[in-house]
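Sequence positions, counted from 1, serve as the residue numbers for this chain. Because only heavy atoms are used, hydrogens play no part in the values below, and waters and symmetry mates are left out as well, while side chains stay in. Keep in mind the model is a prediction, meaning the values are calculated, not measured.
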Amino acid sequence: MVDQKLIDLARETLLKKTNIAVLTGSGISAESGIPTFRGEDGLWKKYSPEEFGTVPGLLLQFAKNPRRIIEFALNLLEVFTKAQPNPGHIALARLEQKYRKNVTIITQNIDDLHEIAGNTNVLKLHGDLFRLRCIKCGHREKIDREYLENYMKKLRDILSSPLKIVKEGKELLPRCPECGGIMRPDVVFFGEALPQKELSLAYIAVDAAEVMLVIGTSGEVYPANTLPYRAKQNGATVIEVNPQRTIFSDMVDIFIEGKAGEVLPRIIP
Ligand code: APR
């Protein structure tokens, strides 16, 4: 049972301040049907992060068993293109739209749910599934759900025959309109650098924050997991929402045990 006193304290704290930084992880999208990474049914429980979370691992897997990689990509794309913002995302958007707070969403997620919910200042530290990047010239292209739905049709067609996997497998990734190079999803795999612009802006937002919300993240991954400590050191009030305690929970000012989709609408009505 969520502690109503903590909910009221969190709401009073948030609504009397202006500059708010929010760090989100996969837990905020769990109620939208997107799997977390480390929960009991987390992605890294089903797929090894070394093989499916790194570029060398994916390339090696593709060479050994292209069908498995295509099916992995298809399953993920189906989840991401079907997902809709849940009451947790929508409550965070209310903080900006209804309460006119200066809100910076710093997310580790690659989905588009904060934007669809209505937050306009979203920093994606681990990249964006809805953006492609050319591995040759660095050109970037925004893509939408329709593009991904058409791409999924292509993947299903290739999977329909072993011959197609061999023949068309090499041309799976789109070509850059600028230089003809291969374009890849603009997401950060393990061992890759984070986007410097987003990271610098995240530090600025955390340093200016009067309140920091930490929602749905295990805090396992650096450097995102340093941000709540940085906010705390700068005098911000730190509020965490998670069904389980995490490495942050002893440090935060308010820990509310519960799901984002259930707790956030009660903190931000
Ligand atoms: N509401 C809020 N929190 C939830 C919910 C929910 N409904 N369901 C699960 N959680 C919490 C879990 O208790 C856990 O603390 O969300 C957290 C998810 O943790 P992880 O699976 O480790 O995901 P995350 O913290 O986002 O991982 C960070 O690791 O693999 C990399 O790049 C990947 O961005 C990811 C990064």
Side-chain angles (χ1 to χ4, degrees), residues 24-86 89 107-117 124 126-135 139-177 180-192 216 221:
T24 62
S26 61
I28 194 166
S29 297
E31 292 156 271
S32 298
I34 298 180
T36 61
F37 291 94
R38 295 172 185 84
E40 53 278 6
D41 57 354
L43 202 67
W44 301 143
K45 289 277 188 310
K46 290 185 198 127
Y47 297 97
S48 117
E50 292 72 30
E51 290 175 335
F52 290 86
T54 67
V55 173
L58 282 166
L59 291 175
L60 188 65
Q61 269 298 318
F62 187 78
K64 283 195 308 193
N65 182 349
R67 171 176 288 280
R68 192 154 179 249
I69 293 293
I70 298 173
E71 284 168 349
F72 169 73
L74 202 45
N75 292 338
L76 270 192
L77 289 177
E78 271 160 3
V79 163
F80 278 92
T81 50
K82 270 207 307 266
Q84 290 302 321
N86 66 58
H89 296 102
T107 189
Q108 302 169 88
N109 301 339
I110 59 173
D111 61 50
D112 55 352
L113 300 180
H114 284 305
E115 294 91 337
I116 296 177
K124 301 182 113 148
H126 294 172
D128 186 349
L129 186 67
F130 295 85
R131 199 174 53 220
L132 297 174
R133 170 164 55 87
C134 175
I135 57 175
H139 172 70
R140 283 176 163 81
E141 296 254 319
K142 271 302 277 171
I143 55 177
D144 58 15
R145 291 185 169 210
E146 192 186 346
Y147 177 98
L148 288 179
E149 268 139 23
N150 289 331
Y151 188 66
M152 288 192 299
K153 280 190 200 120
K154 179 178 166 187
L155 292 182
R156 286 190 199 98
D157 177 51
I158 290 177
L159 281 178
S160 64
S161 99
L163 196 62
K164 284 191 175 181
I165 291 181
V166 174
K167 271 179 59 197
E168 298 170 35
K170 283 185 279 307
E171 281 310 307
L172 259 186
L173 291 172
R175 289 287 170 172
C176 172
I182 289 175
M183 296 199 85
R184 54 166 275 184
D186 194 14
V187 298
V188 179
F189 287 99
F190 284 116
E192 296 189 320
V221 171

Given L76 and F52, is the side-chain contact (heavy atoms from CB on, under 4.5 Å) satisfied, shown in steps?
-> CA-CA 12 Å; L76 270 192; F52 290 86; over 6 Å; no

Residues two or more places apart in sequence or in another chain: which of them pass ring-ring contact (aromatic ring centres under 6.0 Å, His included) with F37?
-> W44

Are any side-chain N or O atoms of Y151 and backbone N or O atoms of L172, one a donor and one an acceptor, separated by less than 3.5 Å?
-> yes

With distance as the sole test, does D186 use its side chain to make a donor-acceptor pair with the main-chain N or O of R133 at under 3.5 Å?
-> no

With rounding to the nearest 0.5 Å, note down the distance linking CZ in F80 to CG in L77.
-> 8.5 Å

How would you list, by chain and number, every residue that makes a side chain to side chain contact (heavy atoms under 4.5 Å, CB included) with L74, sequence neighbours excluded?
-> E78, M152, L155, R156, L159

Okay, side chain of K45, backbone of R38: is any donor-acceptor separation there less than 3.5 Å?
-> yes

Taking salt bridge (Lys or Arg N to Asp or Glu O under 4.0 Å) as the test, write out the residues that go with D112, two or more places apart.
-> R145

Residues in side-chain hydrogen bond (donor to acceptor under 3.5 Å, both in side chains) with K153, at least two apart?
-> N150

Please tabulate, one pair per line, all N/O donor-acceptor pairs under 3.5 Å involving side-chain atoms of residues 57-64, not counting sequence neighbours.
unit_1 : atom_1 : unit_2 : atom_2 : d
Q61    : OE1    : R68    : NH1    : 3.4
Q61    : NE2    : E51    : OE2    : 3.3

Taking only residues two or more places apart in sequence or in another chain, which ones pass side chain to side chain contact (heavy atoms under 4.5 Å, CB included) with E192?
-> V55, R184, V188, F189

Using salt bridge (Lys or Arg N to Asp or Glu O under 4.0 Å) as the criterion, list what pairs up with K154, not counting sequence neighbours.
-> none

Residues in side-chain hydrogen bond (donor to acceptor under 3.5 Å, both in side chains) contact with E149, at least two apart in sequence or another chain | none

With sequence neighbours excluded, residues passing side chain to side chain contact (heavy atoms under 4.5 Å, CB included) with E40 = none

Salt bridge (Lys or Arg N to Asp or Glu O under 4.0 Å) with E171: which residues, sequence neighbours excluded?
-> R175

If only atom types and distance count, is the side chain of N109 paired as donor or acceptor with the main-chain N or O of D111 below 3.5 Å?
-> no

Mind checking the NZ-CD1 spacing from K164 to I70? Nearest 0.5 Å is all I need.
-> 12.0 Å

Which residues pass the side chain to side chain contact (heavy atoms under 4.5 Å, CB included) test with S32, sequence neighbours left out?
-> A83, N86, H89, L113

Sorted by chain and number, sequence neighbours left out, salt bridge (Lys or Arg N to Asp or Glu O under 4.0 Å) with E50 holds for none

If every non-hydrogen atom of M183 is compared with every non-hydrogen atom of P177, which pair is closest and at what distance?
-> SD-CD, 3.8 Å

H114 NE2 to K124 NZ distance, which is reported to the nearest 0.5 Å = 8.0 Å

Distance from Q84 atom CD to I116 atom CD1, nearest 0.5 Å?
-> 5.5 Å

Considering only heavy atoms from C-beta outward, does the side chain of Y47 approach that of N75 to under 4.5 Å?
-> yes

Where do L132 and P174 come nearest, in terms of heavy atoms and distance?
-> CD1-CG, 3.8 Å

From OG1 (T107) to CG (D128), nearest 0.5 Å = 10.0 Å

Between atom SG of C176 and atom CD1 of I182, what is the distance when rounded to the nearest 0.5 Å?
-> 11.0 Å

Looking only at heavy atoms, which two atoms of I110 and G127 are closest? And how far apart?
-> CG2-O, 3.4 Å

